[in-house]
J.: 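Mind looking over this structure? Questions follow.
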There are 2 protein chains.
Amino acid sequence: MKDLIYRKIIHDLKKRIFNNEFPSMRLPDERSLTAEYNVSRSSVKRALSSMAQEGIVFKKRGSGTFINPLYLKSQSSFNYEGSNIGITDSLKSNGKKQGIKVLDFSVIPATKSMKTDLFLNDGDFVYKIRRLRLLDEEPIMIETGYIPIKIAPELSKAIVEKSIFNYLEDAKGQQVTRSYMSIQVAPSNQEDQELLGLTANEPVGIMSGIFFMDDGTPFEISNMRIHYRHMNYSTFVSVD
Amino acid sequence: MKDLIYRKIIHDLKKRIFNNEFPSMRLPDERSLTAEYNVSRSSVKRALSSMAQEGIVFKKRGSGTFINPLYLKSQSSFNYEGSNIGITDSLKSNGKKQGIKVLDFSVIPATKSMKTDLFLNDGDFVYKIRRLRLLDEEPIMIETGYIPIKIAPELSKAIVEKSIFNYLEDAKGQQVTRSYMSIQVAPSNQEDQELLGLTANEPVGIMSGIFFMDDGTPFEISNMRIHYRHMNYSTFVSVD
DNA sequence: GAGTGGTCTAGACCACTTC
DNA sequence: AAGTGGTCTAGACCACTCT
């Protein structure tokens with residue numbers, strides 16, 4: 001992480017919050033912080049806004065900025081993570097070994113909906129990539145992805161067996177930092193049951209959507225059918 | 001909506017994007033917009049940042065600000081909504097009639113985890129509220145909520161049959177604007193099957209978490225078991 | 001080198017809360 | 001009335017991209 005002022009403030013305030021430096025649950029007012037850190041008020045505001053968006057603090061006009069009790073007491077029954085992560089959030093590898101088994105790797109013409117979602121033209125082709133993801137040898141999800149050939153013409157089975165996103169970053173200097181995802185629930189079909197080791201009345205979670213690169217180019221349409229015991233998506237939502 | 005400058009810019013730019021005023025998919029640079037709207041660059045930046053967070057545009061340092069193709073072409077197979085809504089996102093009533101059937105409305109002592117999550121003390125009590133939510137007479141979810149008595153001592157069955165959040169806003173002038181939610185998947189249990197009209201191998205989606213009031217006070221622990229056909233949660237995720 | 005977005009400052013004034 | 005967060009300005013300088 002870079003040496004930005006507002007990041008340093010965030011980092012410092014988080015530390016101070018955890019050190020219980022504000023037992024009143026109220027942070028110093030913005031003008032005091034401005035003086036204390038010897039920065040402009042805008043920088044303080046930026047830091048506090050960011051923390052508010054993460055759910056760490058709440059700002060209340062006219063009275064102050066307050067610490068979210070749940071952030072402090074992390075013995076909450078919900079493992080509060082504080083931020084909107086999301087991409088591969090449901091398959092975090094807590095020290096477990098990730099594995100990938102490629103089920104299909106082929107090239108097909110883009111369907112109509114692919115052309116719309118991936119911004120393709122008639123005659124364009126896409127890779128079809130089906131993979132079974134494992135965690136400690138245990139199958140956790142079936143992932144079907146479609147990636148335009150013209151975005152990654154050199155894709156190979158070897159790459160697909162590892163991480164496509166990492167390859168993209170190395171090869172094209174682009175990161176996948178954005179996604180639009182829809183989360184649903186469905187009974188398992190026969191293939192789910194075979195590949196994920198489910199019984200007929202054990203369901204799957206479905207996460208489907210689009211991944212975007214840094215510059216906004218849609219990179220991949222993805223559909224993930226996730227073993228119900230490994231499906232766990234967390235979000236902090238804040239509306240105005 | 002108030003008459004804020006950055007909001008006006010957002011509104012205007014959205015309109016212009018939809019009117020196809022930027023066929024190159026690139027917005028004018030920030031300094032041009034500053035001149036055009038006759039405002040400070042900070043205000044332009046604020047508007048653009050907000051739009052970027054909604055997924056409407058992508059900013060690329062050194063080259064410009066670009067429109068997300070999917071925002072424009074809303075015939076995408078994913079119904080792109082552009083924003084991180086979330087609370088009661090899965091039960092949007094597209095002209096359908098909402099109904100509520102109260103299954104249980106009682107007072108119980110707070111359990112240990114409730115005391116932690118709702119910031120309660122020994123001896124505190126909570127309302128236990130179980131409700132079946134209907135959409136056009138069709139049951140869609142079983143909602144179990146726990147609300148500290150001391151936050152809403154005058155809660156009644158009549159209120160609970162309508163909207164608790166609306167009551168809270170009217171009575172206490174507080175809004176529920178934040179939530180921390182976890183989304184999971186599970187096979188339906190016998191009660192789910194009876195109340196939601198499911199068969200043994202039809203699953204439910206589970207959304208559980210905490211709702212907060214404006215000032216950060218945890219207001220309710222909620223657990224929703226949702227009919228799988230009505231479970232649909234959408235998010236736009238953007239990481240740095 | 002020119003253009004574009006990112007960070008930061010210093011300060012003015014407004015809106016809301018609390019006393 | 002005093003204190004607090006919200007909005008907005010005007011301008012400086014930096015980092016990156018494109019050519």
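The basis for the numbers below is simple: all heavy atoms, side chains too, and nothing from hydrogens, waters or symmetry mates. To find a chain, count down the sequence lines: A is the first, B the second, and so on, and within it residues start at 1.
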J.: Near DNA chain D, which residues from residues 40-48 of chain A have a heavy atom under 4.0 Å away?
T.: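 Going residue by residue through residues 40-48 of chain A, the ones with a heavy atom under 4.0 Å of DNA chain D turn out to be A:Arg41, A:Lys45.
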J.: Starting at CG of B:Asp3 and ending at C1' of D:dC8, how long is that distance when rounded to a whole Å?
T.: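 Rounding to the nearest Å, CG of B:Asp3 and C1' of D:dC8 are 14 Å apart.
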J.: Quickly work out the B:Arg61 CZ to C:dG3 C1' distance and round it to whole Å.
T.: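 Rounded to the whole Å, the gap is 14 Å.
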J.: What pairs with B:Tyr127 under ring-ring contact (aromatic ring centres under 6.0 Å, His included), at least two apart in sequence or on another chain?
T.: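 Testing B:Tyr127 for ring-ring contact (aromatic ring centres under 6.0 Å, His included), a comparison that skips the adjacent residues, returns B:Phe105.
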J.: Could you list the residues that satisfy side-chain hydrogen bond (donor to acceptor under 3.5 Å, both in side chains) with B:Lys59, not counting sequence neighbours?
T.: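 So B:Lys59 forms a side-chain hydrogen bond (donor to acceptor under 3.5 Å, both in side chains) with B:Ser49.
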J.: Could you state the CG-C1' distance from B:Leu4 to C:dA15, rounded to the nearest angstrom?
T.: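 Atom CG in B:Leu4 sits about 11 Å away from atom C1' in C:dA15.
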J.: Which salt bridge (charged side-chain N to carboxylate O under 4.0 Å, His left out) pairs, counting each pair once, include a residue from residues 146-157 of chain B, with sequence neighbours left out?
T.: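 Sorted result for residues 146-157 of chain B: B:Asp124-B:Lys150.
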J.: Taking CZ from B:Arg7 and P from D:dG6, how many angstroms apart are they, rounded to a whole number?
T.: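 Rounded to the whole Å, the gap is 13 Å.
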J.: Would you say A:Lys60 reaches C:dC16's phosphate, i.e. side-chain N/O to OP1/OP2 under 4.0 Å?
T.: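 So the side-chain polar atoms of A:Lys60 never come under 4.0 Å of the phosphate oxygens OP1 or OP2 of C:dC16.
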J.: Hey, is the side chain of A:Tyr6 poking within less than 4.0 Å of OP1 or OP2 on C:dC8, counting only N and O atoms?
T.: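 Negative; the distance criterion is not met.
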J.: Using whole Å, what does the distance between atom P of nucleotide C:dG3 and atom CG of B:Leu33 come to?
T.: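 After rounding, the gap between these two atoms is 16 Å.
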J.: Who passes side chain to side chain contact (heavy atoms under 4.5 Å, CB included) against A:Ser42, sequence neighbours left out?
T.: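 Expected list: A:Ser40.
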J.: Could you work out which one of C:dT9, C:dC13, C:dG5 sits closest to the side chain of A:Arg31?
T.: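 Per side-chain heavy atoms of A:Arg31, the pick is C:dC13.
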J.: Between A:Glu30 (CD) and C:dG11 (P), how many Å, whole number?
T.: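 Going from A:Glu30 (CD) to C:dG11 (P), I get 17 Å.
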J.: Taking for each residue the nucleotide of DNA chain C with the nearest heavy atom, is it B:Pro28 or A:Val39 whose nucleotide lies nearer the 5' end?
T.: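 In this pair, the answer is B:Pro28.
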J.: Can you confirm if the NZ or CZ of A:Arg178 lies within 45° of the ring axis of A:Phe212 and under 6.0 Å from the centre of its six-membered ring?
T.: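 The answer is no, since A:Arg178 fails at least one limit relative to A:Phe212.
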J.: Find the distance B:Phe58:CZ to C:dG6:P and express it as a whole number of Å.
T.: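 Distance check: B:Phe58 CZ to C:dG6 P gives 14 Å.
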J.: What is the distance from CD1 of A:Ile9 to C1' of C:dT7, rounded to the nearest Å?
T.: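 Rounded to whole Å, this separation is 12 Å.
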J.: Side chain to side chain contact (heavy atoms under 4.5 Å, CB included) with A:Ser24: which residues, sequence neighbours excluded?
T.: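 Here the qualifying residues are A:Arg26.
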J.: Does B:Asn38 have more than 12 heavy atoms from other residues, nucleotides or ligands lying within 6.0 Å of its CG?
T.: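 Not more than 12 within 6.0 Å, no.
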J.: Tell me which nucleotide among C:dG5, D:dT4, D:dG6 gets nearest to the side chain of A:Lys59.
T.: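 That would be D:dG6.
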J.: Counting only side-chain N and O atoms of A:Ser63, is one of them less than 4.0 Å from OP1 or OP2 of D:dG3?
T.: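 For A:Ser63, the contact criterion (side-chain N or O under 4.0 Å from OP1 or OP2 of D:dG3) is not met.
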